[in-house]
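Structure first, then comments.
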Amino acid sequence: MQENNYLIAGLGNPGMEYEQTRHNAGFMAADLIMRKTGCGSPKKKFEGLIAQAEISGSRAYILKPQTYMNLSGKSINSASSFYKIPAEKIIVIYDDFALPVGTIRIRKGGSDGGHNGITSAALEIGSKNFIRVRIGAGPLPEGASSISFVLSRFSKDDMEILEKTVLPKAAEAVEAIIKSGLDRAMNLYNKNFIAPPKEKKKEQENKEKTTVNQEGQNL
């Protein structure tokens with residue numbers, strides 16, 4: 001077992017028809033991490049595409065399972081078993097339609113939240129005790145099918161938010177986990193990065209109330 005080795009798995013579905021879909025947010029994050037670390041083109045191995053990089057002095061294997069989402073755990077388990085990486089050093093990045101676009105949530109362990117990729121990962125690894133980095137892909141429209149929704153493409157505006165803000169922050173979060181530990185990363189990155197600060201939000205709410213009161217007086 002190599003104490004300083006990590007496995008970073010970004011989840012998604014292979015094929016052009018799934019590019020820029022909500023379910024492929026994990027693939028997008030993995031691609032960005034590969035570019036940022038300059039690790040070169042990934043190789044076909046472990047039923048996935050995998051590249052080796054160095055992040056904050058640790059060796060990191062960046063994996064994109066090519067098994068389709070529901071069987072992601074097979075690829076993750078093959079890679080983690082080969083490199084002898086324990087569950088605690090596996091970081092899985094994936095979409096979550098329960099979170100609005102712009103949001104990142106990090107935690108270790110817990111339920112799968114109905115995400116089939118995480119269900120598969122826990123089953124194949126034999127542990128739920130891996131680190132999850134969830135990327136907001138919602139909200140799910142009222143009455144919409146969750147399956148159809150996650151396989152739909154991000155809107156142009158949402159893609160701009162992802163590319164300019166969320167994916168870079170997710171890459172930073174992974175680096176922070178490796179460099180400074182899980183708790184530090186959670187404190188820094190568990191937030192909605194496009195929501196206005198509380199002070200500005202409160203100020204805006206006060207302005208809206210004032211406008212409403214003034215309009216009422218002028219009626």
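Cluster annotation: Ile76 is not connected to Leu123 through the hydrophobic network of ILVMFWY side chains, with a link wherever side-chain heavy atoms come within less than 4.5 Å. Note on Leu99: it does not cluster hydrophobically with Phe27, by side-chain heavy-atom contacts below 4.5 Å among ILVMFWY residues. Linking Ile, Leu, Val, Met, Phe, Trp and Tyr residues whenever their side-chain heavy atoms come within less than 4.5 Å leaves Leu167 and Val150 in two separate clusters. Hydrophobic clustering (side-chain heavy atoms under 4.5 Å, transitive across Ile, Leu, Val, Met, Phe, Trp, Tyr) keeps Leu140 apart from Ile161. Residues Phe97 and Val101 do not share a hydrophobic cluster, defined by chaining ILVMFWY side chains whose heavy atoms lie under 4.5 Å apart.
Side-chain contact between Tyr189 and Arg105: absent, with no pair of heavy atoms (C-beta onward) separated by less than 4.5 Å. Ile33 is listed as a side-chain neighbour of Ile93, based on a closest heavy-atom distance under 4.5 Å. In this structure, the side chains of Val174 and Ile131 stay at 4.5 Å or more apart for every pair of heavy atoms. At a threshold of 4.5 Å between non-hydrogen side-chain atoms, the residues Lys191 and Phe193 count as touching. Looking at heavy atoms from C-beta onward, Thr21 lies out of side-chain contact with Ser152 at the 4.5 angstrom threshold. Within the 4.5 Å cutoff, no side-chain heavy atoms of Ile135 are placed close to those of Asp95. Using a 4.5 Å heavy-atom threshold, the side chains of Ile90 and Asn129 count as separate. You'll find the side chain of Lys156 stays beyond 4.5 Å of the side chain of Met159, heavy atoms only.
Checked by atom type and distance alone, the side chain of Ser80 pairs as donor or acceptor with a backbone atom of Asn77 at under 3.5 Å. Arg22 places a side-chain N or O within donor-acceptor distance of the main-chain N or O of Ala137, the cut-off being under 3.5 Å. Formation of a donor-acceptor pair under 3.5 Å by the Asn24 side chain with backbone atoms of Asn13 is found in this model. Checking side-chain atoms of Ser180 against main-chain N and O of Arg184 turns up no donor-acceptor pair under 3.5 Å.
Within the cation-pi definition used here (under 6.0 Å to the ring centroid, within 45° of the axis), Lys74 does not qualify as a partner of Phe46.
At a threshold of 4.0 Å, the pair Glu160-Lys164 counts as salt-bridged, since one of the basic side-chain nitrogens sits closer than that to a carboxylate oxygen. Using a 4.0 Å cut-off between a side-chain N of Lys or Arg and a carboxylate O of Asp or Glu, Lys64 and Asp31 qualify as a salt bridge.
For His115, the ring-ring contact (aromatic ring centres under 6.0 Å, His included) partners at least two apart in sequence or on another chain are His23, Tyr94.
Heavy-atom neighbours of Arg107 CZ from other residues, nucleotides or ligands within 6.0 Å: above the threshold of 12.
Heavy-atom minimum distance, Gly73 versus Ser120: N-OG, 2.8 Å. Across Ile104 and Ala170, no two heavy atoms sit closer than the pair CD1-N, 3.5 Å. Taking all atoms of both residues into account, the shortest heavy-atom contact from Lys128 to Gly110 is CD-O, 3.7 Å. The two atoms that bring Lys179 and Ser56 nearest to each other are CB-OG, 3.3 Å, heavy atoms only. Here the closest non-hydrogen pair linking Gly10 and Pro65 is O-CD, 3.4 Å. Nearest heavy atom pair, residue Gly40 against residue Ala51, reads O-CB, 4.3 Å.
Rounded to the nearest 0.5 angstrom, Glu47 CD and Ser72 OG are separated by 10.5 Å. With values rounded to the nearest 0.5 angstrom, Thr103 atom OG1 is found 3.5 Å from Asn192 atom CG. One finds the CG atom of Leu49 at 8.0 Å from the CG atom of Leu63 (value rounded to the nearest 0.5 Å). A distance of 13.0 Å separates CZ of Arg132 from CD1 of Ile106, quoted to the nearest 0.5 Å. A distance of 9.0 Å separates CG of Leu32 from OG1 of Thr37, quoted to the nearest 0.5 Å. The OH atom of Tyr6 lies 10.0 Å from the CD1 atom of Ile55; values are rounded to the nearest 0.5 Å.
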Stepwise, does the side-chain contact (heavy atoms from CB on, under 4.5 Å) test hold for Phe130 with Ile91?
-> CA-CA 6 Å; Phe130 51 90; Ile91 303 171; over 6 Å; no

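For Tyr83 and Tyr61, the ring centers are positioned less than 6.0 Å apart.
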